[in-house]
Every structure is written in structure tokens, then in C-alpha cells.
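Note that this is a predicted model, so its numbers are computed, not measured. Heavy-atom basis, side chains included; hydrogens, waters and symmetry copies ignored.
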Amino acid sequence: VVSAKLTLPNVINCRELFGDAGDTIYLTSVNLNLPKAINCNGLLDNCTALTSVDLSLPSATTCGGLLDNCTALTSVDLSLPSATNCMSLLYKCSGLTDVELDLPSCEIADSMCSKCTSLENVTLNMPNLITYDYIFQNCSNIETIDVTIPNDKVSGFKSYVLGLNLSNLTSFIINGGEVDLS
């Protein structure tokens, strides 16, 4: 078990701080408090042994690939209040079953959960969402989706999800309203 607990009060750029850094593949647990970090792209990219994350990134605006390919993660509960770019945030996290993301500033969510092949339950708060291309690509095990998105995106998002032919989907909620799956 390799864990890291860090508070770095003045770090602004933490791009790939642990990601793609050789020995970090053994990292199983992280607790990071980076109050001024803005660029967090690939922060924990390819930390394939990671099973636990506790991240405080209140100023992070760029979080693309933040947890990309963290295949041992089974659940993520994360708040990124300033993140506008969440592209590939959880890309290829094939062990994930439960995701709860509070992303009130997120505009770009392309491929955010793509290739999360074990994903079952998803809760996303993204009231400023603009793009979400391939957000659930190759996520055929999804059972529940609860999203908050801009009203002008509801029709397209609904069509996208229903077009995925998710055979296990039992509950689909958009902005508090249940979508008829019959």
C-alpha cells in the first residue's frame, strides 16, 4: 500500500503531478489539498492501483484526464466547483461502478466517463454543460443516470442516452424529472 497525503497551498500547475510517473502505478490512496491549483490535467493519470481518492481542488479549471485509466477505482465522489474542462475526466476507469460528480462550472464533458465498462450508477451536476460527445461511450452496464444539465441540452442528451441501447438502464433522471424508458 502506497499512499500520499499532501497539502500544497501555493501550487498552481499540478499537471501530471502523479500521472505517468513510473512508480505512481503503485499508489493506492491519495488525499490532496491543492487550493490554488488551476491546471490539474492528468493529475493522477494511469495510477492503475489507485482505490481511494480524496481531492480538494476548489480553483481547478482544467481537469482533463484527471483520473484517466485509474482502473482500480470502484467509486468516485468528487466536487470540482471551478472546473470548466472535464474532458476525459474518468476515461478508461474500467473498475468504476459508482460516480457522483458535482461540476457546476463544467462546460466540456466529452469522453468524461468513456470506456468505464463497469459503470452502473451515475450522478452528474453540470448546469453549464456545453459539449458531452461520447460521455458514456462503451458504458453498457449503466443502470441509473441522474443529471442536472442546461435546459437547452435536455432533448439532445436524452436522445444520446436512449440511443446507446443501455439494456440495464432502469432509472434516467434529467433535471429532477424521470425519463420514460418504456
Side-chain angles (χ1 to χ4, degrees), residues 2-21 24 27-93 95-114 116 119 121-136 145-153 157 173-176:
V2 178
S3 62
K5 182 175 182 178
L6 293 172
T7 296
L8 302 171
N10 296 313
V11 169
I12 293 173
N13 185 353
C14 61
R15 180 185 172 113
E16 295 181 353
L17 180 64
F18 289 98
D20 285 331
T24 60
L27 188 64
T28 59
S29 173
V30 296
N31 181 324
L32 300 174
N33 180 9
L34 307 167
K36 292 184 181 176
I38 295 171
N39 182 348
C40 294
N41 280 341
L43 177 68
L44 295 159
D45 179 28
N46 287 317
C47 291
T48 56
L50 195 62
T51 57
S52 173
V53 294
D54 184 358
L55 303 175
S56 178
L57 306 167
S59 301
T61 58
T62 308
C63 296
L66 180 76
L67 295 164
D68 177 13
N69 202 35
C70 292
T71 55
L73 278 177
T74 57
S75 67
V76 171
D77 185 348
L78 188 59
S79 177
L80 299 167
S82 302
T84 56
N85 180 351
C86 301
M87 187 174 190
S88 301
L89 184 75
L90 301 169
Y91 183 74
K92 291 196 299 185
C93 290
L96 272 180
T97 57
D98 298 287
V99 169
E100 187 165 338
L101 300 174
D102 183 24
L103 308 168
S105 300
C106 179
E107 297 175 351
I108 303 167
D110 300 344
S111 300
M112 188 165 66
C113 297
S114 183
C116 293
L119 192 57
N121 305 298
V122 182
T123 302
L124 304 173
N125 178 38
M126 301 183 299
N128 287 298
L129 185 66
I130 295 173
T131 67
Y132 54 87
D133 295 335
Y134 308 109
I135 191 171
F136 298 129
I145 298 173
D146 185 347
V147 298
T148 301
I149 57 175
N151 287 330
D152 66 335
K153 299 293 180 193
F157 194 88
I173 299 169
I174 301 179
N175 297 346

Problem - Note, Asn151 side chain near Asn175 side chain (heavy atom, < 4.5 Å) - result: yes
Exercise for the section: Report yes or no: does Tyr91 contribute a side-chain atom to a donor-acceptor pair with the main-chain N or O of Met112 at less than 3.5 Å? Expected result: no
Handout entry: Asn85 CG to Asn39 CG distance, which is reported to the nearest 0.5 Å
Key = 9.5 Å
Handout entry: Reported CD1-to-CG distance for the pair Ile145 and Asn121, which is rounded to 0.5 angstrom
Key = 10.0 Å
Problem - Within-4.5 Å side-chain heavy-atom neighbours: Lys92 and Asp68 - result: yes
Completion exercise
With Val30 as partner, the option from Thr51, Leu50, Val2 fulfilling side-chain contact (heavy atoms from CB on, under 4.5 Å) is Leu50
Practice task
State whether the side chain of Asn128 and the backbone N or O of Pro104 hold a donor-acceptor pair below 3.5 Å, judged by distance alone.
Solution key: yes
Exercise for the section: Tell me, with the steps shown, if Leu32 and Asp54 meet side-chain contact (heavy atoms from CB on, under 4.5 Å). Expected result: CA-CA 6 Å; Leu32 300 174; Asp54 184 358; over 6 Å; no
Practice task
Starting from the C-alpha separation in whole Å, work towards a yes-or-no answer on side-chain contact (heavy atoms from CB on, under 4.5 Å) for Asp98 and Val76.
Solution key: CA-CA 6 Å; Asp98 298 287; Val76 171; over 6 Å; no
Problem - Any Ile130 side-chain heavy atom under 4.5 Å of Ile108 side chain - result: no
Exercise for the section: Please confirm whether the backbone N or O of Cys106 pairs with a side-chain atom of Thr84, one donor and one acceptor, at under 3.5 Å? Expected result: no
Problem - Stepwise side-chain hydrogen bond (donor to acceptor under 3.5 Å, both in side chains) test for Asp110 and Thr131 - result: CA-CA 6 Å; Asp110 300 344; Thr131 67; 3.0 Å; yes
Exercise for the section: Verify side-chain contact (heavy atoms from CB on, under 4.5 Å) between Leu80 and Thr61, making sure each step is shown before the conclusion. Expected result: CA-CA 8 Å; Leu80 299 167; Thr61 58; over 6 Å; no
Completion exercise
Shortest non-hydrogen pair, Leu44 vs Cys70, comes out as O-SG, 3.1 Å
Completion exercise
Heavy-atom closest pair (Ala37 atom, Cys14 atom, distance to 0.1 Å) is CB-SG, 3.8 Å
Practice task
Find out whether Leu90 and Val99 are in side-chain contact, i.e. whether some heavy atom of one side chain is under 4.5 Å from a heavy atom of the other.
Solution key: yes
Exercise for the section: Starting at CG of Leu89, measure out to OG of Ser114 and round the result to the nearest 0.5 Å. Expected result: 12.5 Å
Fill in the blank from the handout: So CZ of Phe157 and CG of Asp152: to nearest 0.5 Å the spacing works out to 13.0 Å
Problem - Leu66 CG to Cys40 SG distance, which is reported to the nearest 0.5 Å - result: 6.5 Å
Handout entry: Pro150 versus Pro127, closest heavy-atom pair with distance
Key = CG-O, 3.2 Å
Practice task
Mind running side-chain contact (heavy atoms from CB on, under 4.5 Å) on Phe18 and Asn46 for me, showing each step along the way?
Solution key: CA-CA 9 Å; Phe18 289 98; Asn46 287 317; over 6 Å; no
Completion exercise
Value for CG (Leu55) from CG (Leu43), rounded to nearest 0.5 Å, stands at 6.5 Å
Practice task
State, yes or no, whether a side-chain contact exists between Cys113 and Leu119 at a heavy-atom distance under 4.5 Å.
Solution key: yes
